[in-house]
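See below for the structure under consideration.
Note that the coordinates shown come from a computational prediction; the quantities given were computed from them, not determined experimentally. Sequential numbering from 1 along the given sequence is applied to the chain's residues.
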Amino acid sequence: MRVGLTGSIATGKSTVSSYLKQKGIAVIDADLVAREVVEPGGRAYEAVKLAFPEAFEEERLVRPKLGQIIFQDSEKRQQLNQLMHPSIRRQMLNEADAYERSGHSLVVFDIPLLLEGDWRTLFDRVVVVYCPEDMQLRRLMQRNDLSEAEAYARIHSQLSIEQKKELADDVFFNDGSLDSLYQQIDKWLALYDTGNHESDT
């Protein structure tokens, strides 16, 4: 089974992803893959270098430079997405195939903007990590040392967590203790994980 894991900024998706890895579950991280595809030899490296040569130094992508280029230019941002998205998707699917060949019956794709993009059809289930927006706001302000206005703007650059909760097949509620969150994950794994991977616990 292939599962998409998502949430919103500061709702706790990374905490869930880390716990799944500790349990021996195959987790494919979209952010990590997005970095790999623009490394020298990566699937999108040549195309991105050709389109944004000013963002490269000594044959390597300088992310802050690329960020400056695309941050205030929606056309260039869209161009970058069009160059990278197919490469990211293909690499993630290849990794999933490899996990399944090695005996994993459950593969989790950790994708921050899963519900904002066109990923959903790839998965048997979509899991959303949820906490109320007021808690999300407090966590983000504390974690990133942001003002309330800055944190609010970041939260509202994505679909709201309430919308994501409604679109989910399963929801992990991260508005209590870590133990409570882990118990929810364990119950979910008992339903869906039938693989023969080696658990670290």
Side-chain angles (χ1 to χ4, degrees), residues 2-18 21 26-99 107-123 126-129 136-137 139-141 143-161 163-164 167:
R2 295 184 177 188
V3 171
L5 173 68
T6 194
S8 290
I9 190 168
T11 62
K13 179 181 61 61
S14 296
T15 302
V16 172
S17 185
S18 295
K21 289 175 190 173
V27 178
I28 300 171
D29 184 333
D31 285 342
L32 184 60
V33 172
R35 289 179 175 275
E36 290 173 352
V37 298
V38 290
E39 290 290 316
R43 290 174 179 272
Y45 174 80
E46 292 296 341
V48 172
K49 187 181 174 191
L50 188 65
F52 300 97
E54 65 273 37
F56 284 75
E57 283 181 9
E58 297 179 356
E59 302 300 306
R60 299 193 78 89
L61 176 65
V62 181
R63 290 182 170 278
K65 285 191 173 184
L66 183 63
Q68 289 171 358
I69 293 165
I70 67 168
F71 182 66
Q72 294 183 348
D73 189 327
S74 61
E75 284 187 14
K76 288 194 173 179
R77 192 160 59 247
Q78 187 176 2
Q79 181 187 9
L80 179 67
N81 287 338
Q82 287 170 347
L83 290 173
M84 289 187 62
H85 187 99
S87 297
I88 293 168
R89 179 181 291 233
R90 175 45 47 204
Q91 184 155 325
M92 292 181 81
L93 292 174
N94 285 353
E95 289 183 22
D97 290 342
Y99 276 125
V107 179
V108 175
F109 293 69
D110 177 342
I111 304 175
L113 299 179
L114 188 156
L115 292 168
E116 286 86 346
D118 58 348
W119 293 93
R120 186 168 189 140
T121 56
L122 298 179
F123 306 121
V126 169
V127 177
V128 166
V129 185
Q136 185 186 3
L137 188 69
R139 286 176 179 170
L140 185 57
M141 288 169 65
R143 187 186 80 185
N144 290 32
D145 194 24
L146 299 175
S147 70
E148 184 171 342
E150 288 169 332
Y152 188 84
R154 290 200 187 186
I155 287 169
H156 286 270
S157 69
Q158 304 177 350
L159 274 180
S160 79
I161 192 60
Q163 287 175 285
K164 291 186 178 186
L167 292 168

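Identified under the salt bridge (charged side-chain N to carboxylate O under 4.0 Å, His left out) test for residues 67-80, with sequence neighbours left out: none. Here salt bridge (charged side-chain N to carboxylate O under 4.0 Å, His left out) pairs that include residues 79-97, with residues two or more places apart or in two chains, are Arg2-Asp97, Arg89-Asp118.
Two residues are said to be in side-chain contact when any heavy atoms from C-beta on lie closer than 4.5 Å; Leu114 and Val126 meet this criterion. With a 4.5 Å cut-off on side-chain heavy atoms, Val108 and Ile28 do not count as touching. Between Ser17 and Asp29 there is no side-chain heavy-atom pair separated by less than 4.5 Å. Proximity of Ile111 to Thr6: side-chain heavy atoms (C-beta onward) are nowhere separated by under 4.5 Å. At least one side-chain heavy atom of Phe52 sits under 4.5 Å from a side-chain heavy atom of Ile69. Put simply, the side chain of Leu66 does not reach to within 4.5 Å of the side chain of Phe56, judged on heavy atoms. The shortest side-chain heavy-atom distance between Leu50 and Glu46 does not fall under the 4.5 Å cut-off.
Separation of atoms CG (Leu137) and CD1 (Ile155) is listed at 4.5 Å; rounding is to 0.5 Å. Atoms CZ and CD, from Arg63 and Gln68 in turn, are 14.0 Å apart once rounded to the nearest 0.5 Å. Between Gln78 atom CD and His85 atom NE2 the span is 12.5 Å, to the nearest 0.5 Å. The CG atom of Leu113 sits 9.0 Å away from atom CG of Leu159, with the distance rounded to the nearest 0.5 Å. With values rounded to the nearest 0.5 angstrom, Gln79 atom CD is found 11.5 Å from Ser74 atom OG.
Residues Met141 and Ala151 share a closest heavy-atom pair of CG-CB, 3.6 Å. Minimum heavy-atom separation, Gly4 to Phe123: N-CG, 3.6 Å. Shown here for Ala51 and Leu83, the closest heavy-atom pair between the two residues is CB-CD1, 3.7 Å. Scanning both residues, Val33 and Ile88, for their nearest heavy atoms gives CG1-O, 3.8 Å. Among all heavy-atom pairs drawn from Ala96 and Val107, the shortest one is CB-CG1, 4.1 Å. Taking each heavy atom of Val129 and Thr11 in turn, the nearest pair found is O-OG1, 3.0 Å.
Between the side chain of Ser18 and the backbone N or O of Ser14, at least one donor-acceptor pair lies under 3.5 Å. A donor-acceptor pair under 3.5 Å links the side-chain atoms of Gln136 to the main chain of Ile9, judged by distance alone.
The salt bridge (Lys or Arg N to Asp or Glu O under 4.0 Å) search around Glu57 returns Lys65, not counting sequence neighbours. Checked against side-chain contact (heavy atoms from CB on, under 4.5 Å), Ser87 has the following partners two or more places apart in sequence or in another chain: Val37, Arg43, Ala44. By the side chain to side chain donor-acceptor pair (under 3.5 Å) test, Ser147 pairs with Glu150, sequence neighbours left out. Residues satisfying the salt bridge (Lys or Arg N to Asp or Glu O under 4.0 Å) criterion with Arg120, sequence neighbours excluded, are Asp169. Partners of Thr15 by side chain to side chain donor-acceptor pair (under 3.5 Å), not counting sequence neighbours: none found. Scored by the side chain to side chain donor-acceptor pair (under 3.5 Å) test, Gln163 finds Ser160 as partners (sequence neighbours excluded). Residues satisfying the side-chain contact (heavy atoms from CB on, under 4.5 Å) test with Glu58, not counting sequence neighbours, are none. Scored by the side-chain contact (heavy atoms from CB on, under 4.5 Å) test, Pro40 finds Tyr45, Arg60 as partners (sequence neighbours excluded). Residues satisfying the side-chain contact (heavy atoms from CB on, under 4.5 Å) criterion with Ser157, sequence neighbours excluded, are absent altogether. Applying the side chain to side chain donor-acceptor pair (under 3.5 Å) criterion to Glu116, with sequence neighbours excluded, gives Lys164.
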I'd like to know whether Leu115 forms a side-chain contact (heavy atoms from CB on, under 4.5 Å) with Val128, so could you lay out the CA-CA distance, the side-chain angles of the two residues, the decisive distance to 0.1 Å, and finally the verdict.
CA-CA 10 Å; Leu115 292 168; Val128 166; 4.0 Å; yes
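Open room surrounds OH on Tyr152; 12 or fewer heavy atoms of other groups in view lie less than 6.0 Å from it. Heavy atoms from other residues, nucleotides or ligands lying under 6.0 Å from CZ of Arg139 number more than 12.
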